[in-house]
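Let me begin by presenting the structure, written as structure tokens, before commenting on it.
Because the structure is predicted, anything quoted here is derived from the model rather than measured. Atoms within a ligand are numbered from 1 in the order they appear, just like the ligands themselves. What you see below is based on every heavy atom in this structure, not just the backbone, and it leaves out hydrogens, waters and symmetry mates.
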Amino acid sequence: MPTEQIQIRNFIDGQLIEPVGRQYLDNIEPATGKPYSQVPDSDSRDVELAVAAAVEAFRDWSHQPAMDRSRILLRIADLIERDLEKLARAESIDNGKPLSLARGLDIPRAASNFRFFATAILHTENEAHVTDGIAFNYTLRQPRGVVGLISPWNLPLYLLTWKIAPALACGNTAIAKPSELTPMTAFLLCDICREAGLPKGVLNVVHGTGPNVGQAITAHPRIETISFTGGTVTGRKVAETCAPMFKKVSLELGGKNPNIVFADADQEAAIAGSLRSSFANQGQVCLCGSRVFVERSAYPEFVDRFVQAASKLKVGDPLDTTTEQGAIVSKTQLEKVKFYVDLARAEGGKIALGGAAPEVPNERCRDGYFFPPTVITDLPVSCRVNREEIFGPVVSITPFDSEEEVIGYANDNDYGLASSVWTQNLNRAHRVAEQIHTGTVWVNCWLIRDLRVPFGGMKQSGVGREGGNEALAFFTEPKNVCIAK
Ligand code: TXE
């Protein structure tokens, strides 16, 4: 059974404290539809306290030798790994994802985020130029100051630490706001940071809603750098707030990712890979390949085998270690998924699998938010279901006749986050990868993540890149110093 009703606290100036207004929101467990903890319903007063702490802490933290910052961040990674089971269980209860996924992906990646950036800062290089014998130019990279970090509910600790780790590694201090739908692992991270010896005020976590806390962070004059991950609609609001204040902003937004299977692909691998990219985390990953395109000669067999394999995915109680598909994160998100499946029917689609609420996994989950893996065929290629982000376990499969045609389909979308291409023709892989308008192209794979590479989207999938050197560049300010000879 989930942990007893916990009252989550804000983490400000090294202390776990109540919100100034003493207001709380119910934190619902998706698998049961029932509140299991309370999350602070904070507001701008709490953000103000956090900013004061972060400004104070910045003086020392920004002057700490990189080796000292690195040691503390590595200790945080060690403690996340020590507490893996506790964090994985909390993530599964909070988000509805299978416990096996939280154990195998979310929490290990949170530790590797800290480990990666804790060591990356020990090997940075700065440029220098001798100018025509008359001057010496060098670039000084300095921390930006107090940064605002806002993250979504789908990969809660993974995506929050993806921001916290580089921000702190570079010498900034931070105010982080996790999604109000999944606050628990961010709350548990705070004690870990204290135990690791992170000085007070370096990391502050303020819980609450987007309009009350997120907006207060993006609008605060002392927070000049914002790293946001979430939906495109919200990303637009963040950009509108930050633009007139000339803030530095990174937006990681939504996706409607093409997954292209050529007839010459290894079909076994393509089906297994497409199953993961369609339904991992109940399809609630911005990188999911929700638009599957299959070359016509391979289409009938692919659809049969894919539907067959998807029908075997076990929808169940997230805490059951044999579960492969857990609960959808909220009632609102479940309604959104149902809306798009109904729309697919109206747009002429054929429901080849799923499409309606599954039987209840067990008594505990009687009122939970469950939806089965759903496969839709025969949709017009440019209908709404094929253009708009659903962010659930729903994919459409469409045949194509030529490379040129499928590249046109793939690019005819407002998003440009990621894509997969399945082919054994190397020249075609290079050719297609060059022409697809997405920030990441996976060939014969999906979600292989190397933290050294730039990560982010084009078009309405976002602005800027995070990961690797791009993250270190984002969280620092380059200053050019020119010394005359
Ligand atoms: O986003 P929301 P969600 C996308 C994913 C989907 C969405 C799901 O594709 O579209 O995010 O996440 C806070 N000012 N990505 O529903 O609602 C809110 O409280 C400031 C893409 O959570 O945008 C939450 O903490 N903040 C991504 C956060 O913003 C505000 C990976 C996100 O909430 C706010 C993951 C406001 N006005 C999901 N309103 C990628 N590309 O990597 C809300 N928030």
* Asked: Any donor and acceptor pair, going by atom type alone, linking the side chain of K459 with main-chain N or O of N413 inside 3.5 Å?
  -> yes

* To do: Would you mind listing every side chain to side chain donor-acceptor pair (under 3.5 Å) that reaches into residues 366-376, with sequence neighbours excluded?
  => K34-D367, E363-R366

* Is it true that the side chains of N281 and N154 contain a donor and an acceptor less than 3.5 Å apart? -> no

* Asked: Is the charged tip of R449 near the ring of W162: under 6.0 Å from the six-membered ring centre and within 45° of its axis?
  -> yes

* To do: Just do the side-chain contact (heavy atoms from CB on, under 4.5 Å) check on I351 and I376 with the steps written out, would you?
  => CA-CA 5 Å; I351 309 293; I376 304 168; 3.9 Å; yes

* **Residue shell around ligand 1, heavy atom under 4.0 angstrom** => I150, S151, P152, W153, N154, L159, K177, P178, S179, E180, G210, G214, Q215, F228, T229, G230, G231, T234, K237, V238, E252, L253, G254, C286, E389, F391, L417, F455

* Verify salt bridge (Lys or Arg N to Asp or Glu O under 4.0 Å) between E81 and R115, making sure each step is shown before the conclusion. => CA-CA 11 Å; E81 286 165 350; R115 212 173 287 291; 2.7 Å; yes

